[in-house]
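Notes to accompany the following structure.
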Protein chains: 2
Amino acid sequence: METNKKMKMMSLDQLKDKHLGEVGTTERDKYEFDLKIEILGDMIKSVRKERHLTQEQLGELIGVQKSQISKLERNTRNVTIETILKVFKALKANVKFSIEMNEGEFKVA
Amino acid sequence: METNKKMKMMSLDQLKDKHLGEVGTTERDKYEFDLKIEILGDMIKSVRKERHLTQEQLGELIGVQKSQISKLERNTRNVTIETILKVFKALKANVKFSIEMNEGEFKVA
DNA sequence: TGAAAAGTTTCAATATATGGAAACTATTTT
DNA sequence: AAAATAGTTTCCATATATTGAAACTTTTCA
């Protein structure tokens, strides 16, 4: 659907907007997100595109069919950490993880 | 085992060393890690402790038995994103995710 | 030290993530 | 427009993540 496609591109652009790499000095791209299942696929797709790979090529690097890659990028399922690591390792991207918590916030009901 | 226990405590201390919260001003703790399956359990345990919860209490918040929490903290298995989110949501902690990539680095073999 | 609380492990059931193969649709190229 | 390439979907099998219950071990504390 047309609308659907536009929505997705918006979200990819939002990713781009979050580039935090020091301009020129280091050659590092950095994307940071609130971890949501819905956005993980976009991350994979975005990085794959930067690597100029097709789904089939990425699949070969990992050892799976292109259909798997499609499924991952389209968030058709929940995903395990292992799968995430496998994909981004193939893309030579470093995956970080951070936890933020407000110290006082928590109440036991 | 004695050695094992010491190793684990070291790793928790390393977590602590990574506190990045602006001192005093905001009341925010922040832990950042390379995403590794082995360290995720320590993250959960560490945040749970800061919330002064037992495994059983955390389990109640999520709706699972304390044995589940133990398993997650002890990294006995691979984990899905959904589970990670469920746990940290219960702990009122915000989970972020970041990808770093060197632009030039990638070669297609 | 002995009881209570907290955490771990095992066994087992169920749900679901991973994965391939192939047909299909969409996009790109000539 | 036709062919080639890229991406998606469906059907299905297999592996394994999630979970509970209960027994067990470790830690805490009176």
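Reminder, nothing fancy here: chain letters follow the sequence lines and each chain counts from 1.
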Using only side-chain N and O atoms of [X], determine if any of them is under 4.0 Å from OP1 or OP2 of [N].
X       : N     : answer
B:Arg48 : C:dA6 : no
A:Lys45 : D:dA6 : no
A:Ser70 : D:dT8 : yes

Rounded distance in Å - [atom1] ([X]) to [atom2] ([N]):
X       : N      : atom1 : atom2 : answer
B:Ile69 : C:dG7  : CD1   : P     : 11 Å
B:Leu53 : C:dA5  : CG    : P     : 17 Å
A:Glu56 : D:dT5  : CD    : P     : 10 Å
B:Glu60 : C:dA5  : CD    : P     : 14 Å
B:Lys66 : C:dT8  : NZ    : P     : 10 Å
B:Arg74 : C:dT10 : CZ    : C1'   : 14 Å
A:Gln65 : D:dT9  : CD    : C1'   : 14 Å
A:Lys49 : C:dT27 : NZ    : C1'   : 10 Å

Just call it for A:Thr54: base, sugar-phosphate, or nothing, with non-hydrogen atoms closer than 4.0 Å on any strand.
-> sugar-phosphate

Contact class for B:Gly63 (heavy atom, under 4.0 Å): base, sugar-phosphate, or nothing?
-> sugar-phosphate

Criterion side-chain contact (heavy atoms from CB on, under 4.5 Å) on B:Arg77 and B:Asn75, from CA distance to verdict | CA-CA 5 Å; B:Arg77 293 175 183 283; B:Asn75 306 298; over 6 Å; no

Given A:Glu73, which of A:Arg48, A:Lys49, A:Lys45 fulfils the salt bridge (charged side-chain N to carboxylate O under 4.0 Å, His left out) condition?
->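 Filter result, single survivor: A:Arg48.
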
Which of these nucleotides, D:dT8, C:dG7, C:dG20, is closest to any side-chain atom of A:Lys71?
->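 Nucleotide nearest to A:Lys71's side chain: C:dG20.
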
Only distances under 3.5 Å count here; give the side-chain donor-acceptor pairs of residues 64-71 of chain B to other protein atoms, sequence neighbours excluded, each with its distance to 0.1 Å.
none

Could you grab the distance from atom CD1 of B:Ile99 to atom OG of A:Ser46, nearest 0.5 Å is fine?
->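 If we round to the nearest 0.5 Å, B:Ile99:CD1 and A:Ser46:OG are 9.5 Å apart.
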
So which protein N/O to nucleotides 15-18 of chain D N/O distances come out below 3.5 Å?
unit_1: D:dT18; atom_1: OP1; unit_2: B:Thr80; atom_2: N; d: 3.0
unit_1: D:dT18; atom_1: OP1; unit_2: B:Thr80; atom_2: OG1; d: 3.0
unit_1: D:dT18; atom_1: OP1; unit_2: B:Thr83; atom_2: OG1; d: 2.5
unit_1: D:dT18; atom_1: OP2; unit_2: B:Asn78; atom_2: O; d: 3.2

Donor-acceptor contacts, no H, no angles, side chain residues 78-87 of chain B, under 3.5 Å, sequence neighbours left out:
unit_1: B:Asn78; atom_1: OD1; unit_2: A:Glu82; atom_2: N; d: 3.3
unit_1: B:Asn78; atom_1: ND2; unit_2: A:Thr80; atom_2: OG1; d: 3.3
unit_1: B:Thr80; atom_1: OG1; unit_2: A:Asn78; atom_2: ND2; d: 3.2
unit_1: B:Thr80; atom_1: OG1; unit_2: B:Thr83; atom_2: N; d: 3.4
unit_1: B:Thr80; atom_1: OG1; unit_2: B:Thr83; atom_2: OG1; d: 3.1

Looking at B:Leu61 and B:Ala90, what are the two nearest heavy atoms and their distance?
->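 So the two residues come closest at CD1-O, 4.0 Å.
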
Measure the shortest side-chain to side-chain distance between B:Phe97 and A:Leu40 over non-hydrogen atoms and say whether it is less than 4.5 angstrom.
-> yes

